[in-house]
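Starting from 1, each residue takes its place in the sequence as its number.
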Amino acid sequence: MKFLDEAKIFIRSGNGGAGCVSFRREKFVEFGGPDGGDGGRGADVIAEAVDGLNTLIDYRYQQHFKGKTGQHGMGDNRTGRSADSVIMRLPVGTQVFAEDKETLLADLTEVGQKAILARGGMGGRGNATFKSSTNQAPRRSDPGEEGEERWVWLRLKLIADAGLVGLPNAGKSTFLSAVSRARPKIADYPFTTLHPQLGVVGVDSHEFVIADIPGLIEGAHEGQGLGDRFLGHIERCRVLLHLIDGVEDKVVDSYQTIRGELEAYGNGLADKPEIVAINKADASIPELMDEQVAALRKVTKSPILILSGAAGMGVVPALRAIWKVVEPYRLEEAARREREAEAAAAKMEQTTRYITDEWTPV
């Protein structure tokens, strides 16, 4: 399946059904009168976050979503049927922006979360609505309201607990394949990874998700290399694992290059907790690694680890360091969901008690 993290689509909600002009004409009925029903409501266009999707590729081939018109009103005071909503199923983490790409309309961060992007038009009123003591035979009805239409942008930001950042060939894909069942492309040339990869990692009976994005180079925020557009996929991460190629001599320059790109991108990436890891320890010597660690300590206060994704050296301590940062957020999220469940249960109990108290059997 091809990966696509941005798409532009056109949405239009349905028009409301027209009201009906009708009079009751029936044999042996002395007084008929107006009986035109109201029109039904037009279809809404709704975005829903669903599980099992991690790309917007479906919205490259279908770019127009239009709701149906509500059913028109009918005689005998029959209201038209409201049209069924158009449901757009999107991956969790999708943001919906207006055509200007700046106005956020919806941010779908949980499975089952829904947002109405375009509301259907209200149904028109039938002539039965307009009857009165001074107008006993109205011949007026209203047409249904027009639906809403707009172009919107869909932008996917993957949901992950930790993100891998670093220069090309820093060993990010190798690390991800070593700690998870993800199988990203691995080769000895730059920009092997062309789109983000996700992997589920387990350590000490805990599980979390790591996101690997294409490598950054100096000037990525200006469009160099693959640019910095993929940094959006680690905006939601709780911690960044900054991998540095230990075979290179200038590890400080490599570190500062990535930090500069994170700061240029903005959106809080430079302020996220960071764990620095010197990779490819199996291809280096201990004395050189000690010198690199000492040089990095002069420019950063973040924890510095030594590991090798290919050989499996130092991988478990790195995962434990990541989980130490992620765990408080997990506990906070679990507590929030528990409070929401308790509030929903209390509201349901209160509603049930009210209905029980008010309803008296005959």
Under a plain distance cut-off of 3.5 Å, with no hydrogens placed, do Glu274 and Tyr255 share a side-chain donor-acceptor pair? yes

Is there a donor in the side chain of Ser22 and an acceptor in the side chain of Asp35, or the other way round, less than 3.5 Å apart? yes

So with a 6.0 Å cut-off around CD of Glu332, is the heavy-atom count from everything else above 12? no

Please determine whether side-chain contact (heavy atoms from CB on, under 4.5 Å) holds for the pair Thr109 and Arg236, giving the CA-CA distance in whole Å, both sets of side-chain angles, and the decisive distance to 0.1 Å. CA-CA 10 Å; Thr109 58; Arg236 305 181 191 273; 3.3 Å; yes

Just by distance, no angles: are the side chains of Glu6 and Tyr59 close enough, under 3.5 Å, to form a donor-acceptor pair? no

Counting only heavy atoms not in Lys8, do more than 12 fall under 6.0 Å of its NZ? yes

Is the number of heavy atoms from other residues, nucleotides or ligands within 6.0 Å of NZ (Lys66) greater than 12? no

Heavy atoms of other groups near His233 NE2, more than 12 under 6.0 Å: yes

Would you say Arg125 has more than 12 foreign heavy atoms packed within less than 6.0 Å of its CZ? yes

Point-to-point distance, once rounded to the nearest 0.5 Å, from CG of Asp107 to OG1 of Thr94: 9.0 Å

Drop me the distance from Ile322's CD1 to Ile210's CD1, to the nearest 0.5 angstrom. 4.5 Å

ILVMFWY network linking Val165 to Val315, side-chain heavy atoms under 4.5 angstrom: no

Flag for Ser254-Asp245: side-chain donor and acceptor within less than 3.5 Å: no

How long is the gap from CD on Gln256 to CD on Glu261, to the nearest 0.5 Å? 12.5 Å

Output the distance between atom OG1 (Thr69) and atom CD (Glu146), rounded to the nearest 0.5 Å. 8.5 Å

Side chains of Asn135 and Ser132: do they bring a donor and an acceptor to under 3.5 Å? no

Any side-chain donor-acceptor pair under 3.5 Å between Gln95 and Lys157? yes

Could you tell me whether the side chains of Gln197 and Ser173 share a donor-acceptor contact shorter than 3.5 Å? no

Cationic tip of Arg330 within the cone over Phe208's six-membered ring, i.e. under 6.0 Å and within 45° of the normal? no

